[in-house]
Amino acid sequence: MFDRLLEFLHRIDARQQESRFDFHYVDEHRVCSHCGTEYTGNICPQCGLDHMCSRFTWRSAFGKFADSVGFNENGNRGIMRTLRDLLWRPGYMIRDYLNGHSSAYFQPFKLLLLLAIFYMVLAHVTGLAPERELLFSNLDKKIDDQEVSEALAAIKPILTFVSVIVQWFRRNIAYSIFLQNIFIVNAMHRTYHNRASYSWIETFIAQMYFCCQFLMIAIVQLLVTWRYQEDNIFPYFVNGWIVVVVMLYDFFQFYGEHRLIPALWRLFLVVFSLLLQYIVIIVLGILILAIYVGMNLPAE
């Protein structure tokens with residue numbers, strides 16, 4: 001029974017590793033309407049103009065809009081293919097993208113922006129996204145101790161500045177995820193640099209796709225559980241145990257993790273490295289705040 005299950009899983013993994021791209025080759029001779037270059041194919045090799053470029057009609061305008069969001073006729077940079085593969089074969093798909101098949105998939109940064117906007121609009125339309133006020137608002141007025149209240153009043157500008165930054169991150173979720181994932185990429189690259197040959201920027205691109213995958217899961221979770229998932233250590237808006245399972249699945253394909261215990265250990269190292277970076281940032285912030293307070297407190 002166990003051998004049959006392993007054989008079944010190996011067959012699924014073999015299918016997931018298959019890269020299937022539908023390209024339409026043409027041998028028609030054309031002359032570019034922009035630069036006058038004679039060429040064969042659909043795209044001018046000199047200026048990049050599409051052979052379909054002509055006067056705008058309702059059909060051509062809709063076609064260009066569909067192409068910009070990944071619903072084009074050729075299937076290149078298709079958003080549906082990208083969304084499908086992010087669920088079916090995420091690690092192998094990202095490998096294909098990094099190994100030169102980038103034209104087959106939708107760009108990760110555009111996809112992240114679209115999914116983040118859709119998630120936040122859905123959360124607000126359903127009324128599930130919580131309304132948050134500025135941090136530290138009127139904090140100095142809520143404390144009775146006169147000395148503590150005066151100290152808080154002295155550092156109120158910097159607290160207000162931090163509060164505004166946090167509020168901006170909460171409202172601009174796509175950029176927030178983009179910036180927070182710099183720490184996650186550092187942790188992943190540090191943990192796997194001896195095992196995988198991916199550079200830091202390649203790891204960053206892969207992580208952008210992983211974020212898109214988690215946003216898709218977050219959208220499904222939002223609709224199924226009807227509950228807005230608060231932020232945790234990973235900016236994915238997904239339950240923690242789902243994050244662990246999906247990350248193991250992703251690392252299995254992307255990094256070639258074939259054994260559970262080493263995979264769990266390296267995932268622990270990723271989390272530990274991420275926490276260490278957060279601690280360093282917090283300590284630096286406390287030191288800067290302490291120096292600022294010391295310089296602005298009135299002398300006795």
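In this chain, numbering begins with 1 at the start of the sequence shown.
- Looking at heavy atoms from C-beta onward, Ile12 lies in side-chain contact with Gln16 at the 4.5 angstrom threshold.
- Here the shortest heavy-atom pairing between Gln253 and Gly91 reads OE1-N, 3.0 Å.
- Within 6.0 Å of CZ in Phe109 there are more than 12 heavy atoms belonging to other residues, nucleotides or ligands.
- The two atoms that bring Thr203 and His189 nearest to each other are OG1-CD2, 3.8 Å, heavy atoms only.
- Of all heavy-atom pairs spanning Thr82 and Phe106, the tightest one is OG1-N, 2.8 Å.
- Between the side chains of Arg15 and Gln17, no donor-acceptor pair is found at a separation under 3.5 Å.
- Applying the side chain to side chain donor-acceptor pair (under 3.5 Å) criterion to Trp200, with sequence neighbours excluded, gives Asn186.
- Partner of Phe214 under the ring-ring contact (aromatic ring centres under 6.0 Å, His included) criterion, out of Tyr236, Phe237, Tyr249, Tyr119: Tyr236 alone.
- In the hydrophobic cluster analysis, where Ile, Leu, Val, Met, Phe, Trp and Tyr join through side-chain heavy atoms closer than 4.5 angstrom, Ile94 is grouped together with Met80.
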Distance-only check: which donor-acceptor pairs under 3.5 Å involve side-chain atoms of residues 259-269, not counting sequence neighbours?
| unit_1 | atom_1 | unit_2 | atom_2 | d |
| --- | --- | --- | --- | --- |
| Arg266 | NE | Glu257 | OE2 | 2.5 |
| Arg266 | NH2 | Glu257 | OE1 | 3.1 |
| Arg266 | NH2 | Glu257 | OE2 | 3.4 |

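- Between Tyr97 and Tyr209, the two ring planes are perpendicular [angle over 60°; tilted spans 30° to 60°].
- The two residues Ala187 and Gln277 come nearest to each other via the heavy atoms N-NE2, 3.7 Å.
- With contacts defined as side-chain heavy-atom distances shorter than 4.5 Å, the pair Tyr198/Arg95 qualifies.
- By the 4.5 Å heavy-atom criterion applied to side chains, Gln229 and Val238 are not counted as neighbours.
- Using a 4.5 Å cut-off on side-chain heavy atoms (C-beta onward), Leu98 and Phe254 make contact.
- Side-chain atoms of Phe251 and Tyr192, non-hydrogen and from C-beta on, do get closer than 4.5 Å to each other.
- In this structure, Pro108 and Cys212 approach most closely via the heavy-atom pair O-SG, 3.7 Å.
- The shortest non-hydrogen separation linking Asn181 to Cys211 is ND2-SG, 3.0 Å.
- Side-chain contact check for Asn239 versus Val243: every heavy-atom pair is 4.5 Å or farther apart.
- No side-chain donor-acceptor contact under 3.5 Å links Ser273 to the backbone of Val270.
- For the residue pair Asp13 / Tyr92, a side-chain donor-acceptor distance below 3.5 Å is found, with atom types taken as modelled.
- With contacts defined as side-chain heavy-atom distances shorter than 4.5 Å, the pair Leu83/Leu111 qualifies.
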